[in-house]
Number of protein chains: 2
Amino acid sequence: MTTRWLTPKEQRAWRAFMAAKILLEDAIDRQLQQDAGMPHLYYGILANLSEEPGHKLRMTDLAEKSKITRSRLTYAVTRLEKDGLIRREDCAWDKRSSFAILTDEGMAVLERTAPGHVETVRAAVFDQLSDEQVEQLETIGSAIARALEGGETPRPTSDEVPWRRRSSPCSGP
Amino acid sequence: MTTRWLTPKEQRAWRAFMAAKILLEDAIDRQLQQDAGMPHLYYGILANLSEEPGHKLRMTDLAEKSKITRSRLTYAVTRLEKDGLIRREDCAWDKRSSFAILTDEGMAVLERTAPGHVETVRAAVFDQLSDEQVEQLETIGSAIARALEGGETPRPTSDEVPWRRRSSPCSGP
DNA sequence: CAGCCTTGGTTAAAGTTTGAAACAAACCTA
DNA sequence: TAGGTTTGTTTCAAACTTTAACCAAGGCTG
């Protein structure tokens, strides 16, 4: 089956999306590194904990909620634990599990840095979008996420395809 | 000035966007690592070169086009050079500059792996979206990118803000 | 042209991410 | 209940990223 290349319109959308994603993550990382001394991912981990009853979550659940691998979470929690923002606690009823718990200091950091973070996001994203576009963004984002969360991206059966010049081999950077 | 927190609607949009971004990048990285033996970023670098006349670009321009730091690019190009997919060449008229040039082998890798990559992107993104939504995605992405490319995210003058419970401190993970 | 700022690119060290493998506890099942 | 599998988590090495220097070549200004 011959490759369904991206149309010019799709290419434009893809590039715009990728550019937004990269620039946005860079900007947020810079801002949070400045103000909170941690990258966005780590901030997100704290934020995720802060939403839970008791400010605690099992490692696996926290990894899933943060959409990262367990291994990556282990490293992050170790670092945040060193900083005193999280502490671990063994699970009583399942000795394999352990909890990550937001400390008071961790909560304080969150409280102190949340306004700046929200302001950055707002300036870059929501100040730029109409009410309607915010809805569209949610719909589109959800559609993409849904496609990826379920079916584990059934890897396409790659096959030979003649090269077409004058049309970039990439669907985007 | 008191923080302009995200509305529930904005929160939903933000979370959906973040989830899509993370899951998508993970899926693409996995696929490309499998089929091309390199992460998405490196593939993008090759792709960016392939679009240029002569398949060459000065390091700085390539970094800018790829939206990464020069340092990061140096590392990536060194790796890709080791793999024989790129070679460097000094610039004749400005002895500070050097070019990164896509080799024939690099081009071949691109040709071989592009179909699989496009298929992955299509399955996760464009197969999920209506024609209208593709347009919306471009518009929204461009708006965000524009906001970030120009004004260098004027860092908000952080100030004290009373903590509001029962509403997560995060604008998203 | 000498001093000084800018530009293009690399390097080194510290930090982070990945992917596979290791471990141990919990859960079957015959 | 022994043996095998699954589940929760960590560990380790290799790959990648970041940040802050660093160096050399170009440009500019007096």
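Numbers restart at 1 for each chain; the letters A, B, ... are given by sequence-line order, proteins then strands. Just so it is clear, the model here is predicted, and its values are computed rather than measured.
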- Note on the structure: Checking D:dT17, D:dT10, C:dT10 against the side chain of B:Met59 (C-beta onward), the nearest is C:dT10

- Query: Within this structure, what is the NZ-to-C1' distance between B:Lys65 and C:dG8, rounded to whole angstrom?
  - Reply: 19 Å

- Message: With a 6.0 Å cut-off (strictly less than), is the heavy-atom count around NZ of B:Lys9, excluding the residue itself, greater than 12?
- Response: yes

- Task: Write down the distance between CG (A:Leu73) and C1' (C:dT16), rounded to a whole number of angstrom.
- Result: 13 Å

- Query: Is any side-chain N or O of A:Arg88 closer than 4.0 Å to OP1 or OP2 of D:dT10?
  - Reply: yes

- Between OH of B:Tyr42 and P of D:dA15 the distance, given in whole Å, is 11 Å

- Query: Is it true that A:Glu64 and A:Arg70 make a salt bridge, defined as a side-chain N closer than 4.0 Å to a carboxylate O?
  - Reply: no

- Message: Using heavy-atom distances to pick each residue's nearest nucleotide on DNA chain D, tell me which of A:Ser97 and A:Asp29 is more 5'.
- Response: A:Ser97

- Query: Is there a donor and acceptor pair, one atom on the side chain of B:Arg70 and one on the base of C:dG9, closer than 3.5 Å?
  - Reply: yes

- Message: What I want to check is whether the side chains of B:Gln34 and B:Arg30 have a donor and an acceptor closer together than 3.5 Å.
- Response: no

- Item | Residue met sooner reading DNA chain C from 5', once B:Gln33 and A:Pro39 are mapped to nucleotides | A:Pro39

- Query: When all nucleic acid strands are considered with a 4.0 Å heavy-atom cut-off, which category describes A:Thr74: base, sugar-phosphate, or nothing?
  - Reply: base

- Within the structure, does a side-chain N or O atom of B:Arg72 lie under 4.0 Å from either OP1 or OP2 of D:dC16? no

- Return the orientation label for the A:His40 and A:His117 ring planes: parallel under 30°, perpendicular over 60°, tilted otherwise. tilted

- Message: I need the single residue from A:Leu62, A:Leu102, A:Leu57 that forms a side-chain contact (heavy atoms from CB on, under 4.5 Å) with A:Asn48. Which is it?
- Response: A:Leu62

- Under 4.0 Å between a Lys/Arg side-chain N and an Asp/Glu carboxylate O for B:Arg79 and B:Asp83? yes

- Item | Whole-Å distance separating the CD atom of B:Glu81 from the P atom of C:dT10 | 9 Å

- Query: Between D:dT18 atom C1' and A:Ile22 atom CD1, what is the distance in whole Å?
  - Reply: 16 Å

- Interatomic distance, A:Arg58 CZ vs D:dT9 C1' [rounded to whole Å]: 10 Å

Dump the pairs, protein N or O against N or O of nucleotides 20-25 of chain C, anything under 3.5 Å, distances to one decimal.
none

- Note on the structure: A:Glu25 CD to D:dT18 C1', in whole Å, measures 14 Å

- What is the minimum heavy-atom distance between A:Ala124 and B:Leu148, and which atoms define it? CB-CD2, 3.7 Å

- Item | Closest-nucleotide ordering on DNA chain D, the 5'-leading residue of B:Thr69 and A:Ser98 | A:Ser98

- Message: Using every non-hydrogen atom in the two residues, find where B:Arg122 and A:Trp5 come nearest and quote the distance to one decimal.
- Response: NH2-O, 2.7 Å

- Message: By nearest heavy atom, map A:Ala92 and A:Arg79 onto DNA chain C; which one lands nearer the 5' end?
- Response: A:Arg79

- B:His40 NE2 to C:dT17 C1': how many Å, rounded? 18 Å

- Query: Does a side-chain N or O from B:Tyr75 land closer than 4.0 Å to OP1 or OP2 of C:dA13, or not?
  - Reply: no

